[in-house]
Amino acid sequence: MTSDSDFADSFKEIPPFLEILGFKGAKLIEDDSFVCDFSPSVDLTHSNGMIVQGGFVTGMLDACMAQFIIFKYRGTKIPLTLDIDVKFFMPCAPGDVRVISKITKEGKSISFTEAKLFQNDQLIAISTATNKIVPTKI
């Protein structure tokens with residue numbers, strides 16, 4: 001199992017957009033899933049500060065899938081999201097959320113990923129994506 005510090009040590013710096021999304025940490029868990037914890041702020045909401053805007057929810061899902069690929073290749077390769085599909089089941093409120101991602105299939109240059117976003121143990125949204133894997137220096 002990999003700790004949050006192992007994740008942070010794999011990168012020269014955490015991308016600033018993760019801070020905007022309220023990134024709190026990430027780790028690989030035993031079943032080969034990758035977990036990212038976020039705490040989106042009221043600044044990311046609409047509806048009088050009650051609901052996190054869907055684009056930010058999508059960003060958290062996409063970030064967890066992408067960061068898993070970056071982590072897997074220790075920063076030597078990055079994913080370019082070719083497509084992403086998101087299904088929203090419930091509104092996401094400001095506060096702690098957990099995203100769990102998996103790599104469902106990999107080829108030489110394409111990978112398929114999925115992610116689920118939970119808040120208070122309730123499924124808020126799911127996502128699938130197709131990613132082109134390229135060297136870090138493109």
Shortest non-hydrogen contact from Pro94 toward Val52: N-CG2, 3.8 Å
Interatomic spacing from CD1 in Ile126 to CD1 in Ile100 - rounded to 0.5 Å: 13.0 Å
Co-membership, hydrophobic cluster, residues Phe38 and Met50, 4.5 Å side-chain: no
Val86-Leu82 co-clustered via ILVMFWY side chain contacts under 4.5 Å: no
Within 6.0 Å of CG in Asp83, more than 12 heavy atoms from elsewhere: yes
Taking every non-hydrogen atom, the tightest pair across Met60 and Leu117: CB-CD1, 4.1 Å
Worked check of side-chain contact (heavy atoms from CB on, under 4.5 Å) between Asp96 and Asp37: CA-CA 7 Å; Asp96 294 340; Asp37 292 315; over 6 Å; no
OG-CZ distance between Ser33 and Phe68, expressed to the nearest 0.5 angstrom: 7.0 Å
Within-4.5 Å side-chain heavy-atom neighbours: Thr130 and Ile110: yes
Any pair counted as ring-ring contact (aromatic ring centres under 6.0 Å, His included), so long as it reaches residues 87-133, sequence neighbours left out: none
Stepwise side-chain contact (heavy atoms from CB on, under 4.5 Å) check, Ile78 with Tyr73: CA-CA 8 Å; Ile78 57 172; Tyr73 290 103; over 6 Å; no
Side chains of Val97 and Ile124 in contact at under 4.5 Å (non-hydrogen atoms): no
Shortest non-hydrogen contact from Ser111 toward Glu106: CB-CG, 3.9 Å
Side-chain (Thr113) to main-chain (Lys102) donor-acceptor, under 3.5 angstrom: no
Single-linkage hydrophobic cluster, 4.5 Å side-chain cutoff, Ile51 and Leu44 together: no
For Lys116, all residues meeting salt bridge (charged side-chain N to carboxylate O under 4.0 Å, His left out), sequence neighbours excluded: none
Atom pair CG/CG of Asn131 and Asp62 - distance to nearest 0.5 Å: 7.5 Å
All salt bridge (charged side-chain N to carboxylate O under 4.0 Å, His left out) counterparts of Lys87, not counting sequence neighbours: Asp85
Over all atoms of both residues, closest heavy-atom pair of Met65 and Ser127: CE-OG, 3.4 Å
Plane angle bin for Phe34 and Phe71 - parallel if under 30°, tilted between 30 and 60°, otherwise perpendicular: tilted
Side-chain touch Leu18/Gln67, heavy atoms, less than 4.5 angstrom: yes
Check: Ser101 side chain, Cys64 main-chain N or O, donor-acceptor pair, under 3.5 Å: yes
Shared hydrophobic cluster, Val42 / Ile20 (ILVMFWY, side-chain heavy atoms < 4.5 Å): no
Atom of Met90, atom of Gln122 and distance for their closest heavy-atom approach: CE-OE1, 3.5 Å
Closest non-hydrogen atom pair, Ala63 against Phe17: CB-CE1, 3.9 Å
